[in-house]
Amino acid sequence: MGYNLLNNVNYKVGIYIRLSREDDEKEENEESVSIQNQRTILMQYVKDEELTFVKEYVDEGISGTTFDRPGFNQLLEDIENGIINMVVTKDLSRLGRDYILSGHYVEKYFPEHNVRYIAILDGIDTALDSSSNDIAPFKSVLNDMYAKDISKKINSVLKSKRKEGLYLGNTAPYGYLKDPENKYQLIVDPVAGEVVRTIFKEFLKGKGTMQIADSLSKQNVPIPSVYTNKKTSVKSLNYGLWATSTIRFILSNEVYTGTIVQGKRKKLSHKSKKFINLPEDKWEKVYDMHEPLVSREDFERVRKIIDVTKGSRVILQDYLFKGLLKCHECGGYIGIRSRDKNGNIYGRCQRYGRYGKFDICSPHNFNYEVLEEQLLKVLKDICNKYTDKKKLEEIARQNKSLEEKQEEYIKQINYYSSIIEKEKKKLEIVYEDRLNDVISLEEYTKMSEKIRREIKEHTNEKTKLEEKCKGGACSTQEEETVKLNKLIGEFTTMKNPTKEIIREFIYKIEVYEDKQIDIHFNFKPLEDIQKELENEIFCARKPYKKKIA
C-alpha cells in the first residue's frame, strides 16, 4: 500500500511533531497541541490514507522561529538519504513560524527533493494544485506574526517578574541556592556562602585575588563549577584550581549584597539567537531581595579597590601602596620591582618597561621604601592637622553651605539626566535602523558601543551626585565627616597601617618624571589640608624630591 493513485509513487511517510515552550504552557486549555494528540492526529491520517509509515520526528520545547532543531535536522538527513519522501504535520505552524524559512522548505526544498508535504488542518498538500496551497505563504506570515506576538507577551511577563525582583536564572549564583518552596527566591548556601564571605573578608584585609585563589586551592575548596556539578567542556591542566578571574567575578557580583540584577542583554529580534548587551541604566535592579553575604558598604569598598588596582601588575610582594601609584606622564601604573642585589626596592613605570624601546614614557625610577616612609609621614601630618578643632572650623567656614551645594548638585543631576535621555533616544534610533536593515550589523555594533560608553560615563557622574544628595539633602557630607573621623582615629593609633585603611584614605598617587608626587585623597577636607601644608611639607616639592632615591 502507500501508492499515490495520481502518479503511482510509493510514499514513505515521516510524521513531524513539534511542541514549543509557549504551547506547553497552554496545554491545559489547548490539549490538541500536545505531543500525544499531534501523534494521534498524524497516525490516524496515515492510516486513513493507507500510507506507509516509516519514522517519527519530535522536537519538544523548541520555538518555531528557529529551524535548527534536532528532530527536524534528522528529518532533513533522512530525506537526503532517501529514507522518507513524504512529510506530514498537524498544521503549517508545526513545521515552523518563520515565514521565510517555512516558504523555503514548502516551495523549494521539498519539491526539489521530490518530497510531498501535507499540513492536515490547513489543507496543504504539495502534490495537489489547490487554493489551500496558494494561501500557504499567507498562513506562514500569520504564523510568523503570531510568534512575534507571543515573544512580546513572554518578554512582557519576564520584564514584570524582573521588576518584582524575582530571580529568573536557571541556576542560583555560587553562594546561594534556589528556595525549594519558591524557585524565584534565593537562599544562602551554608557551605558556598561561607566561602564567598571569606573571599570578601580576605580582600578587604589587603590580600590580592591571586593570594586568595591560591589559598582556596591549597585548602582544596571546590571551585564553583565542581561544587555545583556544572558540566563544562573547558578542562585544562589547572582545572579544579581557583583562578583570579573567578575571585574577581565574585567580588564584582552585586547579588551578594542581596540585590537582584537582571536584564543585562536582549535578543536582537524574536527570530535571532544573537543577543545585544544593554547599557547599565537599562538593567533591572531590585535591592534587598534575599539575605546578603556582604554589606553594601563593604561591597562598595571592594569595588573602589578593584577600580583603583585594575591593570596593575601582579606581584608576589604585598606592598602597602601597591596599585595606587600611577605615572603622571602616561597614566599607566607604577610597578614595584623585586629587591636588587643591594637589597633596594625600586618603582618604575610599567609602560616604559614594556614599550620604552619605542620612546614611550620614561623610567620614573625611585626607591620605593623611601617613598613609603615619606608618604606615611605626610599622611600622619595631614591627619594630625585635621584633628585640630580650629582647623576644622576654618575648613567648615570656607566650604559652601549645605543648601548651596544641594542646589548645585540638583542642577548637575538634571543636566546629566537630559544628556542621558538624548543618548538613549540615539540608541533607540540606531536599534530601529538595524532592525529595518538601514545599517549593517557592523555599523550598528560600532555606533551602539560608542553611545553606550557615553551613557555609562554620564550615568556614573549622575550616580555620584545622587549619592551625595540621598534623601533630598546633602547628608553625605555629614556621613563622610563621621567616617573620616573614625578612620583617622584608627590610623593614628596603628603601629603598622594596613593596605585596607590606606585605600580608604587615598584614591591614587601620581609620580612625576622628576619624582614629584601628587596625592589624591578620597576626602575633600584632606585635599584642602594637603594644599595648605604643601609648601610646609614639600617646600614646593623640591626637598621631598631629593629624598626619593
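Everything numeric here is computed off the predicted structure, so don't read it as measured data.
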Backbone N/O of Arg94 and side chain of Asp91: donor-acceptor pair under 3.5 Å: yes
Can you check side-chain hydrogen bond (donor to acceptor under 3.5 Å, both in side chains) on Arg296 and Thr259, steps first, answer last? CA-CA 10 Å; Arg296 168 63 59 178; Thr259 304; 3.0 Å; yes
Before accepting this row, confirm whether a basic side-chain N of the pair Lys205/Glu202 lies closer than 4.0 Å to the acidic partner's carboxylate O. yes
May I ask you to establish whether Arg301 and Phe299 are in a cation-pi arrangement, using a distance under 6.0 Å from NZ or CZ to the six-membered ring centre and at most 45° from the ring axis? no
The single option from Leu526, Val378, Leu324 passing side-chain contact (heavy atoms from CB on, under 4.5 Å) against Ile519: Val378
Among Gln516, His520, Glu329, exactly one meets side-chain contact (heavy atoms from CB on, under 4.5 Å) together with Glu510. Which residue is that? His520
Kindly indicate, with the supporting measurements, whether the criterion side-chain contact (heavy atoms from CB on, under 4.5 Å) is fulfilled by Leu375 and Ile517. CA-CA 10 Å; Leu375 283 173; Ile517 67 164; 3.5 Å; yes
Run Glu442 and Thr445 through side-chain contact (heavy atoms from CB on, under 4.5 Å) and show every step you take. CA-CA 5 Å; Glu442 183 180 354; Thr445 302; 5.9 Å; no
Does the ring center of Tyr507 lie less than 6.0 Å from the ring center of Phe523? no
To the nearest 0.5 angstrom, please state how far the CZ atom of Phe72 sits from the CZ atom of Arg18. 10.5 Å
So CG of Leu379 and CD of Gln530: to nearest 0.5 Å the spacing works out to 10.0 Å
Side-chain contact test, heavy atoms from C-beta onward, threshold under 4.5 Å: evaluate it for Ile250 versus Val195 and give yes or no. no
Would Glu300 and Arg303 satisfy side-chain contact (heavy atoms from CB on, under 4.5 Å), going step by step from the backbone distance to the final call? CA-CA 5 Å; Glu300 292 301 334; Arg303 177 147 46 186; 3.0 Å; yes
Between the side chains of Glu428 and Lys425, is the shortest nitrogen-to-carboxylate-oxygen separation below 4.0 Å, so that they form an ion pair? no
Spacing of SG belonging to Cys349 relative to OH belonging to Tyr333, to within rounding of 0.5 Å: 12.5 Å
For the CG atom of Leu427 and the CD1 atom of Ile451, what is their distance to the nearest 0.5 Å? 5.5 Å
State whether the side chain of Thr463 and the backbone N or O of Thr459 hold a donor-acceptor pair below 3.5 Å, judged by distance alone. yes
I'd like to know if the side chain of Asp179 pairs up with that of Tyr184 as donor and acceptor (distance under 3.5 Å, no hydrogens or angles considered). no
Please walk me through it: do Thr244 and Arg248 pass side-chain hydrogen bond (donor to acceptor under 3.5 Å, both in side chains)? CA-CA 6 Å; Thr244 56; Arg248 191 174 285 268; over 6 Å; no
What's the shortest heavy-atom distance between His458 and Ile420, and which atoms? CB-CG1, 3.7 Å
Flag the pair Ile509 / Asp518 as yes when at least one side-chain heavy-atom distance between them is below 4.5 Å, and no otherwise. no
Give me the atom names and distance for the closest heavy-atom approach of Cys327 to Ile334. N-CG1, 3.8 Å
Between CD of Glu466 and CD1 of Ile413, what distance do you get to the nearest 0.5 Å? 5.0 Å
Counting distance only, does the side-chain N/O of Trp242 pair as donor-acceptor with the main-chain N or O of Val221 below 3.5 Å? yes
With a sphere of 6.0 Å drawn around NZ of Lys426, does it hold more than 12 non-hydrogen atoms of other residues, nucleotides or ligands? no
Heavy-atom donor-acceptor pair, Ser252 side chain to Phe249 backbone, under 3.5 Å: no
Nearest heavy-atom approach of Pro70 to Ile62 is CD-CD1, 3.6 Å
Provide the closest heavy-atom pair for Leu95 versus Ser102 in the form atom of the first, atom of the second, distance. CD2-O, 4.5 Å
Centres of the Phe491 and Phe505 rings: under 6.0 Å? yes
Kindly give the heavy-atom pair with the smallest separation between Ile502 and Pro497, and that separation in Å. CD1-CB, 4.4 Å
Check Glu527 with Lys524, please: is the shortest side-chain N to carboxylate O separation under 4.0 Å? no
Could you tabulate the donor-acceptor pairs under 3.5 Å formed by side-chain atoms of residues 287-294, not counting sequence neighbours?
unit_1 : atom_1 : unit_2 : atom_2 : d
His290 : NE2    : Val255 : O      : 2.8

Tell me, do Arg452 and Ser448 make a side-chain contact under 4.5 Å, heavy atoms counted? yes
Is the side chain of Arg351 donor-acceptor paired with the backbone N or O of Ile360 at a distance under 3.5 Å, no angle test? no
Would you check if Asn253 and Tyr174 make a side-chain contact, meaning some heavy-atom pair closer than 4.5 Å? no
Is there a donor-acceptor contact under 3.5 Å from the side chain of Glu457 to the main chain of Glu454? no
Does Ile247 reach the side chain of Phe203, with side-chain heavy atoms less than 4.5 Å apart? no
Closest non-hydrogen atom pair between Phe67 and Asn73, with its separation: O-OD1, 3.7 Å
Could you go step by step and tell me if Leu186 and Ile260 meet the side-chain contact (heavy atoms from CB on, under 4.5 Å) rule? CA-CA 10 Å; Leu186 296 178; Ile260 295 292; 4.0 Å; yes
Does atom NZ (Lys456) have a neighbourhood of more than 12 heavy atoms from anything else shown, all under 6.0 Å? no
With side chains defined as the heavy atoms from C-beta onward, is the minimum distance between Ile223 and Tyr227 less than 4.5 Å? no
Verdict with reasoning, His364 to Ser362, per side-chain hydrogen bond (donor to acceptor under 3.5 Å, both in side chains): CA-CA 6 Å; His364 290 65; Ser362 59; 3.2 Å; yes
Assess whether salt bridge (charged side-chain N to carboxylate O under 4.0 Å, His left out) is satisfied between Lys424 and Glu421, documenting all intermediate values. CA-CA 5 Å; Lys424 285 181 182 178; Glu421 283 304 312; 3.7 Å; yes
For Tyr167 and Tyr176, run ring-ring contact (aromatic ring centres under 6.0 Å, His included): C-alpha distance rounded to whole Å, both residues' side-chain angles, the deciding distance at 0.1 Å, then the answer. CA-CA 12 Å; Tyr167 182 74; Tyr176 289 102; 8.9 Å; no
Between CD1 of Ile410 and CG of Leu465, what distance do you get to the nearest 0.5 Å? 10.5 Å
When you measure from the side chain of Asn522 to the backbone N and O of Glu504, does any donor-acceptor pair fall under 3.5 Å? yes
